[in-house]
Amino acid sequence: MRCLKDLNPKQLEAVQFFDRNSMVFAGPGTGKTRVITSRIAYMLESGKLPEARRILAITFTNKASNEMKSRVAAFGVDQKRVRIGTFHNFCMWVLKAYGDKINLSREFTFISSNQQLHLLKQVAKDANLMMKPNDLKNRISDLKNSSVDFEDYLNKTRSGTQEFQVAAADYQNRLYAHKLIDYDDAILHTATIFKLKPSILELYHNAFPYILVDEMQDTNRMQLELIRLLGGNAKHVMAVADDDQSIYGWRGALPTVIQEYIDLLAADKIILNQNYRSPQRVLDVANRLIQFNDGRTEKELVGRPNELGDDVIGRWFDTWKEEAEWVADKIVELHSAGMEYRQMIILYRSRHPSLKVIDEKLLEKGIPFQHFGKNFQNKKQLLSEFIVASMKLIADPNNEVVLSALIYAFAQRFELNDDFDLYEYYKKDSDRLTLDRLAQIHVEDEIDDAVQRTAEFCLSAKDLKSFAKLYDGLYKALNIEEDLAKYDETTRHEEKRHLDLMRDRMSKSVASTITDMLAEIELQDDSNHIDQRMNKVGVSTFHTAKGLEYKAVFIIALEDHFVPGRNGGRPDKEQEERRGLYVAITRAESKLFITHANQRTDWNGRIEAVRPSRFIDDMRKREVTES
DNA sequence: GACGACAGGGTTTTT
DNA sequence: CCCTGTCGTC
């Protein structure tokens, strides 16, 4: 069969395993996406999938979901017979269909993180809770992520103070009253429906007899419960995971979830350790490092035969400046030898002031580079947020939470003092603030003007049929162009790209209502998408580089309190830190460079003596050439 | 309650 | 450095 061609024995086993639920342990570069797509193709070609049934493939990130979609398409698979999506995308779909069973409005949309913070601020204030909005948000999210359904979550909130319980309940009530859900609710509500209404779950069992889960190590307890429910008794769930690449423990994705999956679903283990990405010398370093972790599933990575590769180079410097200088020189050297800038990446554990020197040296040597992740401005997405919030108001003009979030966004945009309550200011002595009222305010300044014009547009836009026209209208009414002009070049470019992408998605959406379209759009945020067309050296954290691969990888600042990070000294955290470094190492397709310095500047710019990372000893063997 | 002086502490990020 | 939070003073 065509779809089984070129698979190694272990991959073949994974593709054709149907006796029980399974957990495929896929080390880095072992072709896990290949296995998933081949399995999908195999189920269709072999007729294993009954007519009129579909395969459900769930990923955690949009990036992984898009990747899987295009790989499956490249295989020539009939797209109609497989549903590929993120956890949230799948749950949204279920909730749009059956949310009414738990009294969730069909009209729900997702609360944005700005809106959420704003709401939590109010909620905390009303409950007399002395907690920062962000802490409250994380606390609620942690509790949800470790819960198996909504009742379980409510029970867990009882561990908090009286004030916390009040705030948490109030938060949930206000979301409910304003047809909003947060990201965690999407999963929790779905699991709750499946538990309360077994007949609905049954429909999904029928529709999707086979289930695939990607990157299970990034999954938390709440998501595991959803998978367990969807799997039912069919024993046809296959999850793919790498416990050694589990680096998101702080948001509930602990390696223990993998073991829980195996226990709960009585899953068989299949191990993929044939690596197709890195030379053996790189793999040796990775293997040696990771074996110091406890409780892992052993999967010593084996490279392609006869591809020992170059020595892994370890270089230790006196100062952070020499380190950066050396890295930059090496990049120049590789580039003159024909390696493209885009094939190289510099990796570090966390942002730290002393890493500025990397930028300086790269600039000095005329090397184009690109930072990955959100290290630019936090203003990002503020502009698109206006558009989304305004559209929600067009669809639901009486939604006060959305309205207050929009006003709050205006306050942010015009950099008003945090103490000044713009919402109260507009509300004045009336009971509640409405769009009508805002449309009639007496215009005294720039802010009034912007708010008034937006309100006016929202009220008049009901008849606009096309999403793109709505977008264009808001773009004008909100004066987006003017705001863009205020930004510096990089931010403007980023914002514009984000806005254009949003417009594009809106115009392509086949949703029948604004709210449905928005729910879709809000799940497709790829503002941190890396533009590979730009031929630039990457500069990234270990985390952001996960899943990517580069010809040359530079791992810098390998010092204690850096790798492992400041809190990583604790034994439990140390293992996750080690996995982070393992992820970094296994990005290398050809050359790997590891560096540290003896001196680095601290937050005050003062020179500080630093110690080499304890992990260097773990990796050290003849493969690391020292000097 | 408003303001300035001081101390303390700063990860990783998706949906 | 830069953003918090706290404490003292007016």
Side-chain angles (χ1 to χ4, degrees), chain A residues 58-66 85-93 95 109-116 130-135 137-138 141-142 144-145 181-190 214-215 217-220 222-223 226 245-254 347-356 372-376 378 380-381 417-419 519-530 540-547 557 559-570 573-574 576-584 601-606 608:
Chain A
I58 298 185
T59 65
F60 189 69
T61 64
N62 281 313
K63 196 178 136 210
S65 164
N66 292 335
T86 61
F87 274 98
H88 295 268
N89 172 277
F90 173 77
C91 289
M92 179 191 74
W93 187 55
L95 292 176
T109 52
F110 284 86
I111 189 165
S112 75
S113 96
N114 251 336
Q115 269 187 65
Q116 192 183 18
M130 299 305 274
M131 224 171 153
K132 284 186 287 183
N134 234 323
D135 293 345
K137 180 182 146 185
N138 291 336
S141 186
D142 284 350
K144 284 181 180 172
N145 282 325
I181 65 171
D182 67 26
Y183 288 119
D184 302 323
D185 289 345
I187 321 276
L188 224 41
H189 282 149
T190 306
D214 190 24
E215 302 265 30
Q217 78 280 356
D218 292 341
T219 283
N220 56 44
M222 169 176 79
Q223 288 155 334
L226 188 74
Q245 292 188 77
S246 168
I247 54 174
Y248 289 104
W250 82 92
R251 54 184 204 215
L254 297 159
L347 298 175
Y348 53 86
R349 167 67 243 268
S350 60
R351 296 172 228 289
H352 186 273
S354 79
L355 294 182
K356 269 204 322 245
F372 293 177
K374 312 193 167 194
N375 43 353
F376 299 89
N378 252 358
K380 195 186 259 184
Q381 284 167 285
N417 188 323
D418 220 31
D419 300 333
E520 248 172 53
I521 298 286
E522 288 183 301
L523 287 180
Q524 293 180 0
D525 178 8
D526 66 349
S527 53
N528 58 345
H529 166 84
I530 296 147
S540 163
T541 62
F542 294 171
H543 289 260
T544 320
K546 183 153 166 267
E559 295 131 29
D560 253 21
H561 297 295
F562 224 121
V563 192
R566 257 188 159 357
N567 291 333
R570 302 213 309 264
K573 292 255 181 184
E574 187 186 90
E576 182 162 318
E577 294 291 309
R578 194 180 272 112
R579 292 193 288 267
L581 180 55
Y582 177 82
V583 167
T601 47
D602 65 8
W603 292 85
N604 306 306
R606 264 203 284 275
E608 196 182 43

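Within every chain, numbering begins at 1; the chains are lettered A, B, ... in the order of the sequence lines, protein sequences first and strands thereafter. All values reported here derive from a predicted model rather than from experimental measurement.
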Enumerate the protein-to-nucleotides 1-6 of chain C contacts in which both atoms are nitrogen or oxygen and the separation is below 3.5 Å.
{"residue": "C/dC1", "atom": "N4", "partner": "A/Asn604", "partner atom": "OD1", "Å": "2.5"}

### Query
What's the CG-C1' distance between A/Asn220 and B/dT13, to the nearest Å?
14 Å

### Task
Nearest whole angstrom, please: distance from the P of B/dT15 to the CG of A/Leu95.
18 Å

### Message
As a quick check of understanding, evaluate side chain to side chain contact (heavy atoms under 4.5 Å, CB included) for A/Phe542 and A/Ile247, giving each step before the final call.
### Response
CA-CA 9 Å; A/Phe542 294 171; A/Ile247 54 174; 5.6 Å; no

### Query
What is the distance from CG of A/Asp182 to C1' of B/dT14, rounded to the nearest Å?
14 Å

### Among B/dT15, B/dT14, B/dT12, the nucleotide that comes nearest once only the side chain of A/Arg251 is considered
B/dT14

### Query
Does a side-chain N or O from A/Asn62 land closer than 4.0 Å to OP1 or OP2 of B/dT14, or not?
no

### Task
Can you tell me the distance, in whole Å, between the CD atom of A/Gln115 and the C1' atom of B/dT15?
15 Å

### Sugar-phosphate, base or nothing in reach of A/Phe60, heavy atoms under 4.0 Å
base

### Query
Is any side-chain N of the basic residue among A/Glu215 and A/Lys546 closer than 4.0 Å to the acidic one's carboxylate O?
yes

### Separation of atom NZ in A/Lys546 from atom C1' in B/dT14, rounded to whole Å
11 Å

### Message
Between A/Thr86 and B/dT14, is there a contact of a side-chain N or O with OP1 or OP2 at under 4.0 Å?
### Response
no

### Query
Quick one: does A/Thr219's side chain have a donor or acceptor within less than 3.5 Å of a partner on A/Phe60's backbone?
no

### Query
In whole angstroms, how far is the C1' atom of B/dT15 from the CD atom of A/Glu215?
15 Å

### No-H, no-angle donor-acceptor pair, A/Lys573 side chain to B/dT11 base, under 3.5 Å
yes

### Task
Look at the side-chain N and O atoms of A/Thr541 and state whether any lies under 4.0 Å from the OP1 or OP2 oxygen of B/dT11.
no

## Note on the structure
From CG of A/Leu355 across to P of B/dT11 the rounded distance in Å is 13 Å

### Polar side chain donor-acceptor pair, A/Gln524 to A/Glu522, under 3.5 angstrom
no

### Summary
Whole-Å distance, A/Gln116 CD to B/dT14 P, equals 15 Å

### Query
So, A/Asp182 and A/Lys137, do they make that salt bridge, N to O below 4.0 Å?
no

### Query
When the ring planes of A/Phe110 and A/His88 are compared, do they come out parallel, tilted or perpendicular, using 30° and 60° as the limits?
perpendicular

### Message
Would A/Trp603 and A/His352 count as a side chain to side chain contact (heavy atoms under 4.5 Å, CB included) here? Give the steps.
### Response
CA-CA 8 Å; A/Trp603 292 85; A/His352 186 273; 4.1 Å; yes

### 5' priority, DNA chain B, between A/His352 and A/Asp184 [closest heavy atom]
A/His352

### Query
What about A/Arg349: does its side chain form a donor-acceptor pair under 3.5 Å with the base of B/dT12?
yes

